[in-house]
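Written below as structure tokens is the structure these notes are about.
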Protein chains: 2
Amino acid sequence: MAAPNVYDSACSARLALELIASKWAMLILPALSAGPMRNSALLRKIGGISQKMLTQTLKDLERNGLVIRRDMQTVPPHVEYSLSKLGASLSEALITLDLWAERYSDDLDAARGRFDAGLRP
Amino acid sequence: MAAPNVYDSACSARLALELIASKWAMLILPALSAGPMRNSALLRKIGGISQKMLTQTLKDLERNGLVIRRDMQTVPPHVEYSLSKLGASLSEALITLDLWAERYSDDLDAARGRFDAGLRP
DNA sequence: CTGTATCCAGCTCGATACTG
DNA sequence: CAGTATCGAGCTGGATACAG
């Protein structure tokens, strides 16, 4: 049997990569690493996300076993989302990436400035 | 001054995150971590990528200072792409993610199977 | 070999309105 | 509070043809 390989477009590892390679997944999972959160709290924490994308991404993550949805069955509704063990292991790697983005965003800005300036001398 | 924060949609760190949160970037940068590669070699290595997306993503990565483009100025053309120091530091984090995808793709498959089965009992 | 240019089908995603 | 449903503008990205 072939080993899983992200470079193979027919491999299920590629599917996994495509699930991860999403702006919202890369924010939702790390957000949940601090503990369970409710829909409204995530909506507040993650700037720019719409209710639609939050619901959609959470459902996708739940479907893939990364996020656990816990409905308290109360009125008014109280639903909590948390990381599964698998989700927690992924979240660690994503946090590294988020931190990288925060640490080097200035360098990227500068590089863009230089590149764009060089195009019209 | 506010610290860079990926959760803030107006922060340039979010821009950085969106650059990274791309299926192709997550494959191209790790591919280059083994050493410089040519356009055709990347096209062969990365299954499913089109010439258009390869060119487009490489240009975007170059613009942000992550990839260095070296044109040998020969006929026929010989162009090599390599990682900048910044790109190399990002590539490490991306490789971790790629390895995660390869290691756990089976678990994701299984979770999806269970989830989808539970929806039609 | 390493691109560029163009077309356009299909998907994404925000906005809005509504429900239990 | 936590969603669902629907619409449609705009972006994405593959296919194809062409170029230095």
For DNA chain D, whose closest nucleotide is more 5', that of K59(A) or that of Q56(B)? K59(A)

Please report the distance, rounded to the nearest Å, between [atom1] in [X] and [atom2] in [N].
X: Q51(B); N: dA15(D); atom1: CD; atom2: P; result: 13 Å
X: R70(A); N: dC1(D); atom1: CZ; atom2: C1'; result: 17 Å
X: L42(B); N: dC1(C); atom1: CG; atom2: P; result: 13 Å
X: I46(A); N: dG14(C); atom1: CD1; atom2: P; result: 12 Å
X: L54(B); N: dT4(C); atom1: CG; atom2: P; result: 11 Å
X: L58(A); N: dT4(D); atom1: CG; atom2: P; result: 11 Å
X: K52(A); N: dA15(C); atom1: NZ; atom2: P; result: 11 Å
X: D60(A); N: dT12(C); atom1: CG; atom2: P; result: 10 Å

Does a nitrogen or oxygen in the side chain of [X] sit under 4.0 Å from OP1 or OP2 of [N]?
X: R38(A); N: dC1(D); value: no
X: S40(B); N: dT2(C); value: yes
X: Y81(A); N: dC1(D); value: no

Closest to the [X] side chain, choosing from [options]:
X: P77(B); options: dG13(D), dG20(D), dG14(C); answer: dG20(D)
X: R69(B); options: dT2(C), dG14(C), dG14(D); answer: dT2(C)
X: M53(B); options: dC1(C), dG3(D), dG14(D); answer: dG14(D)
X: T55(A); options: dT4(D), dC1(D), dG14(D); answer: dT4(D)

To the closest 0.5 Å, what do you measure between OG (S91(B)) and CG (L86(B))?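 Separation between the atoms: 11.5 Å.
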
For K23(B), answer base if it contacts any base atom (sugar-phosphate contacts may also be present), sugar-phosphate if it contacts only those atoms, and nothing otherwise; contact means non-hydrogen atoms under 4.0 Å. nothing

From L83(B), I95(B), I20(B), residue fulfilling side-chain contact (heavy atoms from CB on, under 4.5 Å) relative to L29(B):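 Answer after filtering L83(B), I95(B), I20(B): L83(B).
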
Ion pair check, E80(B) and R38(B), cut-off under 4.0 Å: no

Tell me whether the count of non-hydrogen atoms from other residues, nucleotides or ligands lying under 6.0 Å of CD in Q51(A) goes above 12.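 Yes, enclosed.
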
Is any side-chain heavy atom of L90(B) closer than 4.5 Å to a side-chain heavy atom of L66(B)?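 L90(B) reaches L66(B) side chain to side chain.
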
